[in-house]
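Counting convention: from 1, in listed order, for ligands and their atoms alike. Positions are given from 1, in the same order as the sequence printed here. Computed over heavy atoms, backbone and side chain alike; hydrogens, waters and symmetry mates excluded.
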Amino acid sequence: MIKMLIDCDTGIDDSIAILFALKRPDVRVLGITTGCGNIDAYQAAENSIRLIHLAKPGYEVPVAVGANAPLVGPWEGPVPHIHGANGVGNAELLPADQKPAAEAGWDMIVRLARENPGELTVVTLGRMTNLALALEKEPALPRLVKNVVAMGGAVRAPGNVSPVSEANIAGDPEAADRVFLAGFDLTLVGIDVTGKTFLTPRHLDIAEKYWAEDCRPILDYMREALKLYFAFACQNNRYLDRCPVHDPLAMVVAVDPSVVTIRKLPTRVECGGTLCRGMVVSDFRERPIDAPFASICLDVDSERAVEELLGTFLKP
Ligand code: BDR
Ligand code: CA
């Protein structure tokens, strides 16, 4: 059983990743912490609570609001043209009675790590601000958690918010660099692999035929939420009726790393400059820079990853 904490900025792709985790029999989600990114940290928490209500995992999942700004400077605001005004593609999720937890997101990370020493998998689907703040409170965090799986970065592929940087890392490079330097067992699932793994409307049609009855509401939600995401992917990248699978792929890697090809490389984040700020720098040279090694995902069996993702919702 994977004991998991999800840290996210609950947008469209985050939501699919969360639903996947909540439906996995081999995963127990101990908590969800939110930050700003696709949407503000408060709306991200509200979306997460409504997703738990939709997935009905059969156990309680506390949700804590985290950082609503990066470590340095202000947050540049939400991205309604990608994730809709509410962060989930303007899809209407039913409200739930659950309220956000009284503790802050970074405190929840520290608490769950201390309560489950050596057992917690932290999956970050947004900026690494909450994890960096948790690290500040508990410097032993890299030894307390089992591992971190992070969606972020573009090591060899082009970036998605600048020529060389990806949104989650570029949104808070200082936080990401602190996390890279801390010595976590860290796997980075970046655009190199998420940018060549796609969901299409055909996948949703197949789901219509084969998914379990209790997953119907999830499928209805995904159809609604993904409309905007497909349209953005088409306009922005000329992807015809397909969208890249960012956060859900990180979640698949967290439960089954065999879908990706990994290379351990010394890795830092560029925190200066203008064009390269937020770039993930992994050193492939024989005599590399002196930095902790991160597991960098360089290739992926996309078909198997999508099967793993969507197959989770099948009839038993
Ligand atoms: C990442 O940025 C966010 O928009 C997505 O949710 C994903 O986590 C992709 O660069
Ligand atoms: Ca995200």
Output for pair (Asp13 CG, His83 NE2), nearest 0.5 Å, gives 5.0 Å
I need the full list of side-chain hydrogen bond (donor to acceptor under 3.5 Å, both in side chains) pairs touching residues 154-169, with sequence neighbours left out, sorted by first then second residue.
Ser162-Ser165
Sum up the protein N, O or S atoms located under 3.0 Å from the Ca ion (ligand 2).
5
Sidechain N-carboxylate O distance under 4.0 Å for Asp290, Arg268:
no
With salt bridge (charged side-chain N to carboxylate O under 4.0 Å, His left out) as the test, would you mind laying out the steps for Glu92 and Arg50 before giving the verdict?
CA-CA 10 Å; Glu92 271 200 45; Arg50 292 183 183 211; over 6 Å; no
Test item: Ile82 and Asn38 side chains (from C-beta on) under 4.5 Å apart, heavy atoms
no
His246: ring-ring contact (aromatic ring centres under 6.0 Å, His included) partners, not counting sequence neighbours
none
Do Phe284 and Leu265 come within less than 4.5 Å of each other through their side chains, counting heavy atoms only?
yes
What distance do Asp172 atom CG and Cys271 atom SG have between them, rounded to the nearest 0.5 Å?
8.5 Å
Kindly indicate, with the supporting measurements, whether the criterion salt bridge (charged side-chain N to carboxylate O under 4.0 Å, His left out) is fulfilled by Asp214 and Lys56.
CA-CA 9 Å; Asp214 69 322; Lys56 304 198 183 349; over 6 Å; no
Could you pull out every N or O of ligand 1 that sits under 3.5 Å from a protein N or O, with the distance for each pair?
{"unit_1": "ligand 1", "atom_1": "2 (O)", "unit_2": "Asn168", "atom_2": "OD1", "d": "3.4"}
{"unit_1": "ligand 1", "atom_1": "4 (O)", "unit_2": "Asn38", "atom_2": "OD1", "d": "2.6"}
{"unit_1": "ligand 1", "atom_1": "4 (O)", "unit_2": "His83", "atom_2": "NE2", "d": "3.4"}
{"unit_1": "ligand 1", "atom_1": "6 (O)", "unit_2": "Asp13", "atom_2": "OD1", "d": "2.6"}
{"unit_1": "ligand 1", "atom_1": "6 (O)", "unit_2": "Asp13", "atom_2": "OD2", "d": "3.2"}
{"unit_1": "ligand 1", "atom_1": "6 (O)", "unit_2": "Asp14", "atom_2": "OD1", "d": "3.0"}
{"unit_1": "ligand 1", "atom_1": "6 (O)", "unit_2": "Asn38", "atom_2": "ND2", "d": "2.9"}
{"unit_1": "ligand 1", "atom_1": "6 (O)", "unit_2": "Asp247", "atom_2": "OD2", "d": "3.0"}
{"unit_1": "ligand 1", "atom_1": "8 (O)", "unit_2": "Leu125", "atom_2": "O", "d": "2.9"}
{"unit_1": "ligand 1", "atom_1": "8 (O)", "unit_2": "Asn168", "atom_2": "ND2", "d": "2.9"}
{"unit_1": "ligand 1", "atom_1": "8 (O)", "unit_2": "Asp247", "atom_2": "OD1", "d": "2.6"}
{"unit_1": "ligand 1", "atom_1": "8 (O)", "unit_2": "Asp247", "atom_2": "OD2", "d": "3.1"}
{"unit_1": "ligand 1", "atom_1": "10 (O)", "unit_2": "Asn160", "atom_2": "ND2", "d": "2.8"}
{"unit_1": "ligand 1", "atom_1": "10 (O)", "unit_2": "Glu166", "atom_2": "OE2", "d": "2.4"}

